[in-house]
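If you're wondering where the values come from, they're calculated on a predicted model, not measured in any experiment.
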Amino acid sequence: MSFSGTVKEELAAQIGTARHCQLAELAAIFHFAGSTCENGEHLSFHTENEAVARKGFTLFKKAFNIDNVVMKERGRLLPDDEMEKKVIQALHLAGTAEPIELEAPVSSLLVKNSCCARAYLRGAFLCIGSMSDPAKSYHLEYVCSKSAQAKQLRDMIQEFQIEAKIIRRKKYDVVYLKEGAGIVDLLNVMGAHVSLMNLENLRIVKEMRNSINRRVNCETANISKTVTAASKQIEDILLIRDKYGFENLPDNLRQMAEVRLEYPDAALKELGEYLEPPVGKSGVNHRLRRLSEIADGIKP
């Protein structure tokens with residue numbers, strides 16, 4: 001199973017204990033997976049996602065004490081008109097004598113509490129959410145068919161201090177997160193705590209690997225720089241020896257040139273310890289720079 005599928009399975013098992021949270025999540029399922037029949041007068045519910053169907057029926061039973069949810073005739077969902085009216089009113093899907101509206105943003109009355117907003121985001125993710133494998137990349141999204149719903153989802157996520165953005169993709173508005181920390185926070189908000197821990201473990205491994213790679217690259221660059229500098233120093237010293245003569249150098253520079261030729265792979269600090277008397281790294285660097293200047297003067 002994909003990481004996204006695992007998250008949905010975990011979220012499908014999360015059932016809010018308070019009825020107002022159950023209503024908020026059920027509203028999300030209807031807004032994003034529900035439909036209407038008979039000229040928009042009755043509720044219908046169609047989904048190929050088993051987790052969404054299971055969650056929807058469970059919420060019906062919890063929130064409305066309805067065991068017989070599906071009514072096959074005419075695509076109707078609820079067993080009678082009276083019960084359907086109660087559900088429509090509780091979920092604020094239509095006013096008196098108005099057709100059922102599933103494409104508008106959810107009523108603010110259903111998500112005014114933080115716990116209800118969490119439940120709504122959980123239900124929305126079950127229906128229209130997905131996320132990439134965090135071992136490869138960080139990306140979580142909700143694909144909305146209506147821009148007003150997308151804006152409401154984005155604003156709801158941002159209420160939890162999580163950065164979310166919207167991008168237009170063909171005929172859809174996509175609410176997305178691309179930062180690992182933000183995705184972790186949103187999983188926590190929705191109640192996917194096991195998936196959160198799995199993602200955090202992957203993030204730790206990835207960060208350690210990236211840190212090691214950065215360190216290795218840095219050390220490799222430093223080694224390459226050191227080797228290049230040492231090669232240039234030896235080249236300059238050999239030119240001085242052959243064209244100018246060590247005997248014409250001051251004692252401190254002559255000694256420096258001889259030590260560098262004897263220890264071509266030594267670091268500056270180590271070279272300084274071979275001198276008599278020993279000198280520090282900056283002193284070694286100064287003497288090598290003077291030798292380089294002499295060599296530059298000899299070159300045609």
Side-chain angles (χ1 to χ4, degrees), residues 1-34 45-67 69-70 77 87 90-92 106-134 138-144 149 152-162 164 175-177 180-203:
M1 183 181 293
S2 67
F3 194 91
S4 186
T6 301
V7 172
K8 290 189 176 185
E9 282 295 325
E10 184 178 1
L11 294 179
Q14 296 287 332
I15 306 294
T17 55
R19 186 172 186 268
H20 49 81
C21 293
Q22 295 166 1
L23 292 177
E25 188 165 4
L26 193 56
I29 291 175
F30 267 111
H31 275 281
F32 296 113
F45 181 61
H46 301 283
T47 178
E48 297 179 359
N49 189 319
E50 183 181 345
V52 175
R54 186 170 65 247
K55 187 65 173 287
F57 297 151
T58 300
L59 290 170
F60 264 120
K61 184 174 182 179
K62 294 283 187 180
F64 296 100
N65 196 27
I66 305 174
D67 288 322
V69 176
V70 180
L77 178 64
V87 171
L91 301 182
H92 297 273
V106 68
S107 170
S108 58
L109 296 174
L110 285 174
V111 291
K112 62 181 180 179
N113 298 326
S114 173
C115 56
C116 296
R118 292 171 184 266
Y120 185 82
L121 289 171
R122 181 166 60 240
F125 186 83
L126 276 171
C127 297
I128 59 170
S130 65
M131 67 177 293
S132 61
D133 182 352
Y138 299 130
H139 184 87
L140 182 149
E141 66 180 30
Y142 296 81
V143 180
C144 304
Q149 291 178 330
Q152 185 183 47
L153 274 175
R154 178 199 60 192
D155 294 345
M156 204 177 296
I157 292 170
Q158 290 180 342
E159 285 294 320
F160 291 98
Q161 309 304 312
I162 302 171
V175 182
Y176 69 95
L177 289 75
I183 294 174
V184 165
D185 290 341
L186 184 56
L187 291 177
N188 183 49
V189 164
M190 294 189 297
H193 303 300
V194 174
S195 298
L196 181 157
M197 293 303 299
N198 291 336
L199 175 55
E200 281 286 49
N201 288 337
L202 288 170
R203 285 183 70 209

Problem - Parallel, tilted or perpendicular, as decided by the 30° and 60° cut-offs, for the rings of H31 and Y120 - result: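 The rings of Y120 and H31 stand perpendicular, inter-plane angle above 60°.
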With the side chain counted from C-beta on, respond yes when [X] and [Y] share a heavy-atom pair under 4.5 Å apart, and no when they do not.
X: F64; Y: L23; value: yes
X: Y142; Y: I157; value: yes
X: L186; Y: M190; value: yes
X: K55; Y: I15; value: yes
X: I128; Y: L153; value: yes

To the nearest 0.5 angstrom, please state how far the [atom1] atom of [X] sits from the [atom2] atom of [Y].
X: E9; Y: L126; atom1: CD; atom2: CG; answer: 9.0 Å
X: M131; Y: I183; atom1: CE; atom2: CD1; answer: 5.0 Å
X: K61; Y: T58; atom1: NZ; atom2: OG1; answer: 8.0 Å
X: T6; Y: L11; atom1: OG1; atom2: CG; answer: 11.0 Å

Exercise for the section: Report the residues that fulfil salt bridge (charged side-chain N to carboxylate O under 4.0 Å, His left out) with R19, sequence neighbours left out, ordered by chain and then residue number. Expected result: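 Not a single residue meets the salt bridge (charged side-chain N to carboxylate O under 4.0 Å, His left out) criterion with R19.
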Exercise for the section: Please name all residues satisfying salt bridge (charged side-chain N to carboxylate O under 4.0 Å, His left out) with E50, sequence neighbours left out, ordered by chain then number. Expected result: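 If we apply the salt bridge (charged side-chain N to carboxylate O under 4.0 Å, His left out) test to E50, skipping adjacent residues, the hits are R54.
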Problem - Side-chain donor/acceptor of E141 to backbone N/O of S130, under 3.5 Å - result: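 Absent.
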Check side-chain hydrogen bond (donor to acceptor under 3.5 Å, both in side chains) between [X] and all other residues, then give those that pass, not counting sequence neighbours.
X: N188; result: H193
X: R122; result: E25
X: Q152; result: none
X: S2; result: none

